[in-house]
Amino acid sequence: MTRRLRLWLLAAGGAGLAALLVAACLDLPSFGGRGHPYGDRAVRAALARHTANVISSVNFDQRAYDTLGEMGILFAAVLGCAVLLRQTRDEHRAAPAPAEVARPVRRYALLVLPVAVVTGLYVIAHGQLSPGGGFQGGVVAATALHLLYLGADYRALERVRPIGVFEVADALAACAYLVLGLAALLAGAAFLANTWLPYGTFDTLSSGGQVPLLNAAIGMEVASGVVVLLAGFLDQAVEIVDENGS
């Protein structure tokens, strides 16, 4: 494909996107009003299904199908990076040499690590009740593990981060989201419809029907995907060298 053709395709795609955005903006409610029809409907739907966090209700109930697409984008991005960063034939692994870590850094990292992991899990578990959820909590939990790399060394991180386990967990979490959608179909509802489980008591961990289950699946998928993604980059920076030793 020539550069000229690529520019024409970019211009055509940009023009189409601009036209859609303009059409959407023209149909928006008036600016500055006290109420908003979309917000009012989202709040009513969240309350009707006993989900205290309206954002989670939107993500995992009212537009759970869109969230499936977002999860697919992340899954594809992690898979693509894993393929691109894989070890090639002209590369080999060299055992990483331990680096000297300042004592205050070591203390702080090892002290904060369990707190950060528990915080990430808490954010995931309470996603239907308070701000946060699977996307945010998954990133917190995944990055918290890497405090071991900062506070100790890469080999210590590798012992608590078996990549094969996290790759399987990433795939299982993505499948779990789909299985929950199929369960709604088997129950006689629409795909991913939040109508086949009891809604529970408002403002408790078991409230919201299938919202906490979808939220947990997303948290597991995001956490596992981020661990696999960071592992690929860290391997390239720490362990993998080419034939020239660089």
Side-chain angles (χ1 to χ4, degrees), residues 53 56 70-71 73-88 90-174 176 205 212 215-246:
N53 184 6
S56 289
E70 295 171 4
M71 181 189 68
I73 292 172
L74 176 61
F75 187 86
V78 172
L79 179 61
C81 288
V83 171
L84 291 174
L85 296 174
R86 70 189 187 280
Q87 183 178 342
T88 59
D90 59 345
E91 295 176 333
H92 66 277
R93 289 184 177 272
E100 187 68 26
V101 180
R103 192 168 296 176
V105 174
R106 180 185 295 272
R107 287 202 198 101
Y108 178 78
L110 298 181
L111 179 65
V112 172
L113 191 154
V115 177
V117 171
V118 172
T119 300
L121 297 177
Y122 179 91
V123 172
I124 295 173
H126 291 75
Q128 74 275 15
L129 304 178
S130 57
F135 286 103
Q136 299 87 341
V139 173
V140 172
T143 52
L145 287 178
H146 293 78
L147 288 172
L148 191 59
Y149 172 55
L150 299 178
D153 57 28
Y154 192 62
R155 287 176 295 184
L157 173 62
E158 285 185 317
R159 285 195 290 270
V160 301
R161 189 212 58 185
I163 295 304
V165 173
F166 282 96
E167 288 175 342
V168 172
D170 191 10
L172 288 177
L205 285 177
N215 182 57
I218 288 293
M220 182 178 174
E221 199 275 334
V222 171
S224 302
V226 171
V227 168
V228 173
L229 183 64
L230 292 177
F233 284 103
L234 283 174
D235 284 349
Q236 288 287 335
V238 178
E239 283 193 312
I240 297 180
V241 295
D242 59 21
E243 292 179 344
N244 299 322
S246 58

Working to the nearest 0.5 angstrom, can you tell me the gap between R86 CZ and L84 CG?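 Result: 7.5 Å between the selected atoms.
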
How long is the straight-line distance from CG of L229 back to CG of L79, given to the nearest 0.5 Å?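 Reported value, rounded in 0.5 Å steps: 11.5 Å.
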
Compile the donor-acceptor pairs under 3.5 Å between side chains in residues 113-135 and protein atoms, sequence neighbours left out, one pair per line.
unit_1	atom_1	unit_2	atom_2	d
T119	OG1	V115	O	2.7
H126	ND1	Y122	O	3.0
Q128	NE2	L205	O	2.6
S130	OG	H126	O	3.3

Ignoring hydrogens, what is the shortest heavy-atom contact between V101 and L150? Give both atom names and the distance.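 Heavy atoms only, the tightest pair is CG1-O, 3.4 Å.
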
With a 4.5 Å heavy-atom cut-off, do L145 and L230 have their side chains touching?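 When only atoms from C-beta onward are counted, L230 and L145 do not touch, as no gap falls below 4.5 Å.
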
Could you tell me if the side chain of L85 sits less than 4.5 Å from the side chain of D235, heavy atoms only?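 Heavy-atom side-chain distance check fails, nothing below 4.5 Å.
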
Which side-chain N or O atoms in residues 162-173 pair as donor and acceptor under 3.5 Å with protein atoms at least two apart or in another chain?
none

Is it true that a side-chain atom of T143 and a backbone atom of V140 form a donor plus acceptor pair closer than 3.5 Å?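 Checked: pair present.
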
Residues 102-109 side chain polar contacts: donor-acceptor under 3.5 Å, at least two apart:
unit_1	atom_1	unit_2	atom_2	d
R106	NH1	G151	O	3.3

Check the pair L148 / L110 against side chain to side chain contact (heavy atoms under 4.5 Å, CB included), numbers first and verdict last. CA-CA 7 Å; L148 191 59; L110 298 181; 3.8 Å; yes

